[in-house]
Amino acid sequence: MNADRYLSVLNPEQYAAVVHEGSPLLILAGAGSGKTRVITTKIAWLIGEKGVEPESILAVTFTNKAAREMLDRATRLESRAERSVLRTFHSFGAWLLRRNAALAGLDSGFTIYDDDDAKTLLSKAIPALTRQQASAAVHKIARAKDYCYGPNHPLLAEIDPDPDFAEVYSLYEKRLRETGNLDFGDLILLPVKLLTEHPEVRSRIQSRFSVVMVDEYQDSNSAQFELLKAIAGPSTYLCVVGDDDQSIYRFRGAEVQNILTFADCFPGTQIIRLERNYRSYAPILSVADEVVSHNEGRLGKTLVAERGNGKKPVLVFLGNQDEESSFCAELINESRKKGCPWSDWAVLYRTNAQSLGFETEFLHRKIPYKVVGTLKFYEREEIKDALAFLALVANGRDEVAFRRIVNKPARGLGEVTQDKIVAEARRILFESPIETSEFSFDDKTDLVSASRNILGSLSKKAKSGLSEFIHVVESLRLKLDHAGSLLVDTSELSQAAINSEDASKLVKKRKGAIGLASFVENLVESSGLLAYHQGQDEIAGTQRVANLEELVNAASLYPMSREGLIEFLEHIELDRSMSEEEDNPDSVTLITIHNTKGLEFPRVIITGLESGIFPRDDKKGDDLEEERRLMYVGCTRAMDELYLTSCGARRLYGRTSFMEPSPFLFEISPESIEVLGRAPRSFQNRRTGVSSSATGSSGSPGSSGSAPGTDTSRWRAGRKLFHDEYGYGIITKSFNSDGEHIIVVRFETGGEKRFMPKYQERSLLLVED
DNA sequence: TCACAGTGACTTTTT
DNA sequence: GTCACTGTGA
């Protein structure tokens, strides 16, 4: 595309950011300010106007979706951008490691463990750990890696001062290397190590990439910052884009300091602010701004609404989450009657668990919806089984994968036998240390070879089961190796795999399983997994066979070779956001606030604005600021209309609890928002500036605002109430005994019970007369 | 070794 | 209320 055309649509700040050259550049891009447009235009401009080689541009993002969108948009402006490297941090790390596997001390066929796999590995490595302890340890190890701390790092104590932790971490690393696997943190950490320990690799990378850009820079962690410093040489043009107000991944190690101190770390940095918002009407931005301006640690930025004035956001107080979901349904239905498409609407919530109520309600009312971000497909048992089998074929040392499928379907190989095999594999490994980089299929440390070694020591039943298993794995490996040599040209496909949408169409046109698909199909069958899950289907009426077929289909995008298999597994591990298949395009979006980043909707409802839910009750200090930024992200998704809902009571883990409005609601000035429904007294007091001593109380909506238990008059005889377990009842007696306030309640069911209200805040609910 | 039942823990957010 | 782990008995 002609540069004049794409440059002419930019505002002066965007233009300046696109044509900026020389010094490092920090673009502070507010929500809806055209950030992606700037990055993609810049890529196009560098290639088309400045003669930069497409291959020498590296652009890193945090999500695969963002990477795809960036590639898509940049390519539309400049077709050569297709050859640029646009990846997530993690997939870039994997890319770098596979190309320098030997130097990094890895097999280029390494597979990637998710948290679940890591937990399994650790609990097998240290049987003394309970599942919970293993889980906590894996979590802390991941944090440590976010900060680039190895097991011996002097600052490791910041994560956990317990000396045992360093030991557990160290053992975990050892076992992970033995199995030939990497975890997510390694995909950043090991490239940093590689680049710092091997200057020749570093200079090669630095001369390969003359331009390095990072999107969503506010979400980068310390390790990613280290990686960035290692990639960027003295002559690299570095450009990072981000918004400190949208930093919402601190909990997994994102370091806002990276963006706050960028200019200090890279001297000469120029800062360009994009503050013109093209997405939302002014009143929506006011609410977002009022909330986020309560944060202290921010660079500061004021969004200007280019779209001007519009409908004032609405805050709705509701009794409980059932009312909340039916309110949302009605609101959406009403707009539908006026011709508004379902897809205009997004219902946002803090935690995934909250989606359930909306799903039930919408199903009931026949409102089409889609839940974004449920990665259920790859978490299904049958899919995990098939993937574990594939992983074992690719990497014979993958202990977790081996344990998962060696006895599935049952082959008489229980944990005892499994332990024996793993021990044997480790024995061989220690007796004949081989250069790790030289591991290959026929390697003796392979769990399959180890299995063969111990066959003699097994019972008859286990022996035949294990022999059969060995045979299956080996014939699959043979098949893969042979296919590799007879390889038809599948480059068309793997190119298409990048643009997955086109690719699946391409594949559907062809008949039969092609590429890696025929291999996966074969594996699913010969492993016995298909028959096993078919049986389960009959019992539980599940969709397992269909899911396995779907997996086979997904594999058709990859060539039938070991490399193809590894690529397939990596893709699945790093991008679980399944192509949004045959989703009804006109449907309401149900989504967590975290997942909305980068998205926009004409009409947005942010639900569950209650203290304890949003923000979560354990949040304070910096964490609370992060929750506030999350609120900011949620609000700024809305283009035309914004609704906030807050419930007086909510059922959580099967219990009903009173809820107080989210403190963020108090930060919105009364003029900025229209209030519907019965606002709790605490809210009215706070908002009109009346001091309230009732903070932290849990009065029900409309009832007295004082703390329960101290105010005996609330629990007077004659009042109706609701109890979690016993249902509705009426207070028949209310008195003090030994200084304790006691009430007697007669329930509708006929029973009578005594309570001390003070201790029953969570289960006893006063009901309006 | 497996199937079942009872127990307990648990709910952020994700590459 | 749900899921997953643990322990028991066959």
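Heavy-atom basis, side chains included; hydrogens, waters and symmetry copies ignored.
In this structure, the nucleotide among B:dT12, B:dT14, B:dT15 sitting nearest to the side chain of A:Thr592 is B:dT14. Ranking B:dT14, B:dC2, B:dT15 by closeness to the A:Ala410 side chain, first place goes to B:dC2. Between B:dT1, B:dT15, B:dT13, one nucleotide has an atom nearer to the side chain of A:Val416 than all others, and that is B:dT1. Comparing B:dT1, B:dT12, B:dT14 by their closest approach to the side chain of A:Thr417 singles out B:dT1. If you check B:dT12, B:dC2, B:dT14 against the side chain of A:Thr351, the one that comes closest is B:dT12. The side chain of A:Ala353 has B:dT11 as its nearest neighbour among B:dT11, B:dT15, B:dT14. Closest to the side chain of A:Thr88, from the set B:dT14, B:dT12, B:dT15, is B:dT15.
Rounded to whole angstrom, the span from the CZ atom of A:Arg143 across to the C1' atom of B:dT15 amounts to 11 Å. Computed from coordinates, the A:Ile613 CD1 to B:dT11 P distance equals 14 Å when rounded to whole Å. In this structure, A:Glu381 places its CD atom 13 Å from P of C:dC3, rounding to the nearest Å. What separates CG of A:Leu466 from P of B:dT1 is a distance of 12 Å, to the nearest Å. Atom CG of A:Asn221 is separated from atom C1' of B:dT14 by 12 Å (rounded to the nearest Å). Taking atom CD1 of residue A:Ile248 and atom P of nucleotide B:dT15, one finds them 12 Å apart after rounding to whole Å. In this structure, A:Lys145 places its NZ atom 16 Å from C1' of B:dT14, rounding to the nearest Å. Atom P of nucleotide C:dG1 and atom CD of A:Gln321 are separated by 13 Å, given to the nearest angstrom.
Residues that satisfy the salt bridge (Lys or Arg N to Asp or Glu O under 4.0 Å) test with A:Lys193, not counting sequence neighbours, are absent from this structure. The side-chain hydrogen bond (donor to acceptor under 3.5 Å, both in side chains) check on A:Arg411 picks up nothing, with sequence neighbours excluded. Qualifying salt bridge (Lys or Arg N to Asp or Glu O under 4.0 Å) partners for A:Arg98, counting only residues two or more places apart in sequence or in other chains: A:Glu570. Every residue two or more places apart in sequence or in another chain that forms a side-chain contact (heavy atoms from CB on, under 4.5 Å) with A:Asp114 is listed here: A:Asp116, A:Asp117, A:Phe184, A:Glu573, A:Arg576. Judged as a side-chain hydrogen bond (donor to acceptor under 3.5 Å, both in side chains), and not counting sequence neighbours, the contacts of A:Glu382 are A:Asn547.
Stacking here means ring centres nearer than 5.5 Å and ring planes tilted less than 30 degrees, and by that measure A:Phe251 does not stack onto B:dT12.
Taking 4.0 angstrom as the limit, A:Asn407 places none of its side-chain polar atoms (N or O) nearer than this to OP1 or OP2 of B:dT1. Distances shown here put a side-chain N or O of A:Asn352 below 4.0 Å from the OP1 or OP2 atom of B:dT13.
Within the nucleic acid shown, A:Phe89 has no heavy atom closer than 4.0 Å to any nucleic acid atom. Contact annotation for A:Phe62: backbone-only contact, meaning every heavy-atom pair under 4.0 Å involves sugar-phosphate atoms and none involves a base. When heavy atoms are screened at a 4.0 angstrom cut-off, A:Asp114 is found touching no nucleic acid atom at all. Using a 4.0 Å heavy-atom distance criterion, A:Ser459 is classed as making no nucleic acid contact.
Side chains of A:Glu323 and A:Ser326: no donor on one and acceptor on the other come within 3.5 Å.
Both A:Leu630 and A:Lys461 lie near DNA chain B, and the one whose nearest nucleotide falls closer to the 5' end is A:Lys461.
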Short heteroatom pairs, N/O only, protein and nucleotides 6-10 of chain C, under 3.5 Å:
none

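Taking the six-membered ring where tryptophan is involved, the planes of A:Phe92 and A:Trp95 are essentially parallel, since the angle between them stays under 30° and well short of 60°.
Separation of the C1' atoms belonging to B:dT12 and C:dC5 is 22 Å when rounded to the nearest angstrom.
When the options A:Arg250, A:Arg628, A:Arg629 are evaluated for a salt bridge (charged side-chain N to carboxylate O under 4.0 Å, His left out) with A:Asp623, the one that passes is A:Arg250.
With hydrogens and angles disregarded, no donor-acceptor distance shorter than 3.5 Å links the side chain of A:Glu424 to the backbone of A:Ser451.
Looking at A:Arg350, its side chain comes within 3.5 Å of the base of B:dT12 through a donor and an acceptor atom.
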